[in-house]
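This is a predicted model, so every value here is computed, not measured.
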Amino acid sequence: MAKSFGIDERKIKGILSVGTAFTYKNTPYTVLESGKPTCYKGEPKTDIYVKWC
């Protein structure tokens, strides 16, 4: 089976893009920041961060 990290990552980042609103357990949230962390050793394959309020 081929790895689809890049495709899946782009889908998740698209769904949780800045300004997106969603409800979880009857509490509304809005995405304030989202992106991909970086480090000095290169790019993490499957990490995405999301900050919401």
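By the criterion of side-chain heavy atoms lying less than 4.5 angstrom apart, applied directly or through intervening Ile, Leu, Val, Met, Phe, Trp or Tyr residues, I12 is grouped together with F22 in one hydrophobic cluster. L32 and Y29 end up in different hydrophobic clusters when Ile, Leu, Val, Met, Phe, Trp and Tyr side chains are linked at under 4.5 Å. Each of L16 and I7 belongs to its own hydrophobic cluster when Ile, Leu, Val, Met, Phe, Trp and Tyr are linked at side-chain heavy-atom distances under 4.5 angstrom.
For T30 (side chain) and G19 (main-chain N/O), no donor-acceptor pair under 3.5 Å exists by modelled atom type.
Applying the side chain to side chain contact (heavy atoms under 4.5 Å, CB included) rule to T20 yields the partners S17, V31; only residues at least two apart in sequence or on another chain are considered. In terms of the side chain to side chain contact (heavy atoms under 4.5 Å, CB included) criterion, I15 has no residue partners (sequence neighbours excluded).
Evaluation of the salt bridge (Lys or Arg N to Asp or Glu O under 4.0 Å) test over residues 10-33, restricted to residues two or more places apart or in two chains, returns E33-K51.
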